[in-house]
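The structure presented is a predicted model; accordingly, all values stated were derived computationally and were not measured. Note that the numbering runs from 1 along the sequence shown for the chain.
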Amino acid sequence: MKEIKIDTTLYSYNSISELPAAINDLMLKAIDARTKAYAPYSNFQVGAAILLDDATVVTGANQENAAFPSGLCAERTAVFAAGSNHPTKKIVAICISGSSVLKDTLDPIPPCGACRQSLLEYENKQQLDIPIYFMGKSGTVIQSPSIKNLLPFIFKEDSI
């Protein structure tokens with residue numbers, strides 16, 4: 001047997017005011033996108049904002065459906081829109097904000113597993129790490145310098 005050790009470094013900011021200016025602005029766009037979520041079943045709204053290398057910002061919000069598997073998370077809504085509308089542009093950063101409408105969610109909300117895999121596909125495609133920042137409604141923001149930090153064992157094109 002061989003031990004495999006995985007080390008991950010994340011960064012914690014007390015609030016969005018500690019973020020670099022461009023990332024602060026991007027997080028504000030994610031917070032605004034969160035208000036556009038369609039979440040009548042979970043009452044949990046998530047917004048995502050993606051900054052592209054030409055300064056274009058693409059946003060997305062979770063969209064639920066009574067046939068639960070048919071909905072889509074905010075992160076995938078945004079990244080698929082970026083990939084469809086700006087296929088040659090690189091993703092520079094991603095910001096995510098999520099919160100319940102029933103109570104204030106103050107813990108940082110990371111992307112789900114399916115979103116991590118989808119975001120990692122774009123990181124691999126562009127061969128450049130994508131910093132990702134995530135938070136709840138307010139409070140602490142966590143930054144990962146790469147999607148790979150959040151999903152160290154990946155399924156990729158050469159796995160097929």
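- For Q117, the side-chain contact (heavy atoms from CB on, under 4.5 Å) criterion is met by L151, F155, not counting sequence neighbours.
- Through chains of ILVMFWY side-chain contacts below 4.5 Å, I6 is grouped with I4, F153.
- Not counting sequence neighbours, the partners of S42 by the side chain to side chain donor-acceptor pair (under 3.5 Å) test are E64.
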Derivation of the side chain to side chain contact (heavy atoms under 4.5 Å, CB included) call for F80 and V58: CA-CA 10 Å; F80 293 160; V58 179; over 6 Å; no
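- Counting only residues at least two apart or in different chains, ring pair (Phe, Tyr, Trp, His ring centres under 6.0 Å) contacts with residues 46-79 comprise Y41-F68.
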Using a 3.5 Å cut-off and no angle test, enumerate the donor-acceptor pairs between side-chain atoms of residues 87-95 and protein atoms at least two apart in sequence or in another chain.
residue : atom : partner : partner atom : Å
K89     : NZ   : D54     : OD2          : 3.3
K90     : NZ   : Q126    : O            : 3.4

Cut-off 3.5 Å, no hydrogens considered: what does the side-chain donor-acceptor table look like for residues 16-34, sequence neighbours left out?
residue : atom : partner : partner atom : Å
S17     : OG   : S15     : OG           : 2.7
E18     : OE1  : N14     : N            : 3.0
E18     : OE2  : N14     : ND2          : 3.1
N24     : ND2  : I16     : O            : 2.8
D32     : OD2  : K36     : NZ           : 2.8
R34     : NH1  : S97     : OG           : 2.4

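- Checking side-chain atoms of Q63 against main-chain N and O of A61 turns up a donor-acceptor pair under 3.5 Å.
- Judged as a side-chain contact (heavy atoms from CB on, under 4.5 Å), and not counting sequence neighbours, the contacts of T140 are S12, P108, I142.
- For T105, the side-chain contact (heavy atoms from CB on, under 4.5 Å) criterion is met by F44, S99, S100, I109, not counting sequence neighbours.
- Every residue meeting the side chain to side chain donor-acceptor pair (under 3.5 Å) condition with D104, not counting sequence neighbours, appears here in chain and number order: K137.
- L119 is connected to V46 through a chain of hydrophobic side-chain contacts under 4.5 Å among Ile, Leu, Val, Met, Phe, Trp and Tyr, so both are in one cluster.
- If you chain together ILVMFWY residues whose side-chain heavy atoms come under 4.5 Å of each other, L128 ends up in a group of its own.
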Trace of the side chain to side chain contact (heavy atoms under 4.5 Å, CB included) decision for V101 with Q45: CA-CA 7 Å; V101 297; Q45 299 175 319; 3.3 Å; yes
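- Remark: the backbone N or O of L52 is not paired with any side-chain donor or acceptor of T56 at under 3.5 angstrom.
- When all heavy atoms of E75 and P111 are compared, the closest pair comes out as OE2-CA, 3.4 Å.
- For the salt bridge (Lys or Arg N to Asp or Glu O under 4.0 Å) test, residues two or more places apart in sequence or in another chain that qualify with K148 are E123, D129.
- Legend: residues meeting side-chain contact (heavy atoms from CB on, under 4.5 Å) with P69, ordered by chain and number and at least two apart, are absent.
- Judged by distance alone, with hydrogens and angles left aside, the side-chain atoms of R76 form no donor-acceptor pair with the main-chain N or O of S118 at under 3.5 Å.
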